[in-house]
Amino acid sequence: MKSLSVGIGCDRDVSEETLMTGLNLALMQCGAAMPQIRHIASIDKKSDETAILHLVQRLKVPFIVYPAQELAKVPVRQPSATVLKFMGTPSVSEAAALLTAGFQPGNSTPELLVEKLKFCGEDGKNVTISIAEDQSI
């Protein structure tokens, strides 16, 4: 069973329902399940995001956050000008998933199982989920 690192980007005050729906859709997309999640990661500006904090408590996994400068060093296939404008990095979810999964410049990049799943919930809030196979073990 593969261990997974999940990167999360989201609007401020996203609901737990929107986050869980987005995460479940991403897991279904790659044929994985919640028990395979080893880490949840995001940008440091999301370190107090209630829905994410509840998710990591529920899953009993570490929540790792990175500054924008560190996330910006990770090459991604789908950079976002909007995320760059507001967060200071062209990627949050993809870069966070890759870093947590063991990305190091010059070494082989962990496999992204879900590049970037975008979901808008009934609360009108957006969540972006990326899932990488964890090589950090």
Side-chain angles (χ1 to χ4, degrees):
M1 186 161 72
K2 294 178 181 178
S3 292
L4 309 174
S5 290
V6 175
I8 298 175
C10 62
D11 290 339
R12 179 57 66 186
D13 298 321
V14 67
S15 71
E16 289 182 51
E17 181 181 345
T18 294
L19 177 60
M20 289 305 300
T21 301
L23 179 56
N24 282 319
L25 288 170
L27 288 167
M28 283 185 345
Q29 187 175 313
C30 67
M34 290 277 183
Q36 292 175 260
I37 298 173
R38 180 178 159 91
H39 302 103
I40 302 285
S42 193
I43 192 165
D44 56 5
K45 293 173 183 159
K46 298 294 177 185
S47 63
D48 62 347
E49 193 66 52
T50 304
I52 299 175
L53 293 174
H54 287 168
L55 174 64
V56 297
Q57 286 173 344
R58 189 152 128 210
L59 296 177
K60 296 179 175 56
V61 296
F63 180 33
I64 301 163
V65 295
Y66 299 97
Q69 314 86 276
E70 196 168 345
L71 293 171
K73 293 177 187 174
V74 180
V76 296
R77 287 198 271 183
Q78 296 186 51
S80 167
T82 303
V83 173
L84 178 60
K85 178 181 175 184
F86 291 103
M87 293 294 181
T89 176
S91 171
V92 172
S93 69
E94 288 173 278
L98 289 169
L99 274 173
T100 306
F103 171 83
Q104 294 178 343
N107 291 346
S108 65
T109 301
E111 181 184 358
L112 267 178
L113 304 174
V114 176
E115 236 176 76
K116 188 170 18 175
L117 181 135
K118 297 177 189 179
F119 177 75
C120 183
E122 290 183 16
D123 58 356
K125 304 283 184 171
N126 295 291
V127 64
T128 304
I129 308 285
S130 297
I131 300 176
E133 185 174 350
D134 195 316
Q135 298 175 349
S136 68
I137 304 168

**Prompt:** What is the minimum heavy-atom distance between I129 and V114, and which atoms define it?
**Reply:** O-CG1, 3.9 Å
**Request:** Indicate yes or no: at least one non-hydrogen side-chain atom of M20 is less than 4.5 angstrom from one of H54.
**Result:** no
**Fill in**
Taken in chain and number order and not counting sequence neighbours, the residues that satisfy salt bridge (Lys or Arg N to Asp or Glu O under 4.0 Å) with D13 are none
**Asked** Under the side chain to side chain donor-acceptor pair (under 3.5 Å) rule, what pairs show up with a residue in residues 60-72, not counting sequence neighbours?
**Response** Y66-T100
**Request:** Using a 4.5 Å cut-off on heavy atoms from C-beta on, say whether the side chain of K2 contacts that of L113.
**Result:** yes
**Request:** Look only at the side chain of D11 and the backbone of N126, and say whether a donor-acceptor pair between them is shorter than 3.5 Å.
**Result:** yes
**Prompt:** Roughly how far apart are I64 CD1 and D44 CG, rounded to 0.5 Å?
**Reply:** 13.5 Å
**Minimum heavy-atom distance between L23 and M34, given as atom pair plus value** = CD2-CE, 3.6 Å
**Asked** Below 4.5 Å, heavy atoms only, C-beta onward: do I8 and L55 meet side chain to side chain?
**Response** yes
**Fill in**
Sorted by chain and residue number, the side-chain contact (heavy atoms from CB on, under 4.5 Å) partners of D123 (sequence neighbours excluded) come out as V14, S15, T18, K125
**Message:** A side-chain contact here means heavy atoms from C-beta on lying under 4.5 Å apart; do V83 and S91 qualify?
**Reply:** no
**Message:** Give me the atom names and distance for the closest heavy-atom approach of T128 to S93.
**Reply:** CG2-OG, 3.2 Å
**Message:** Looking at every heavy atom in both K45 and F86, which two are closest together, and how far apart are they?
**Reply:** NZ-O, 4.1 Å
**Request:** Check whether any side-chain heavy atom of E49 sits under 4.5 Å from a side-chain heavy atom of C10, and report yes or no.
**Result:** yes
**Complete:** Sequence neighbours excluded, the answer for side-chain contact (heavy atoms from CB on, under 4.5 Å) partners of M28 is L25
**Prompt:** Which residues pass the side-chain contact (heavy atoms from CB on, under 4.5 Å) test with T109, sequence neighbours left out?
**Reply:** L98, F103
**Complete:** Residues passing the side-chain contact (heavy atoms from CB on, under 4.5 Å) test with Q78, sequence neighbours excluded, are E94, E115, K116
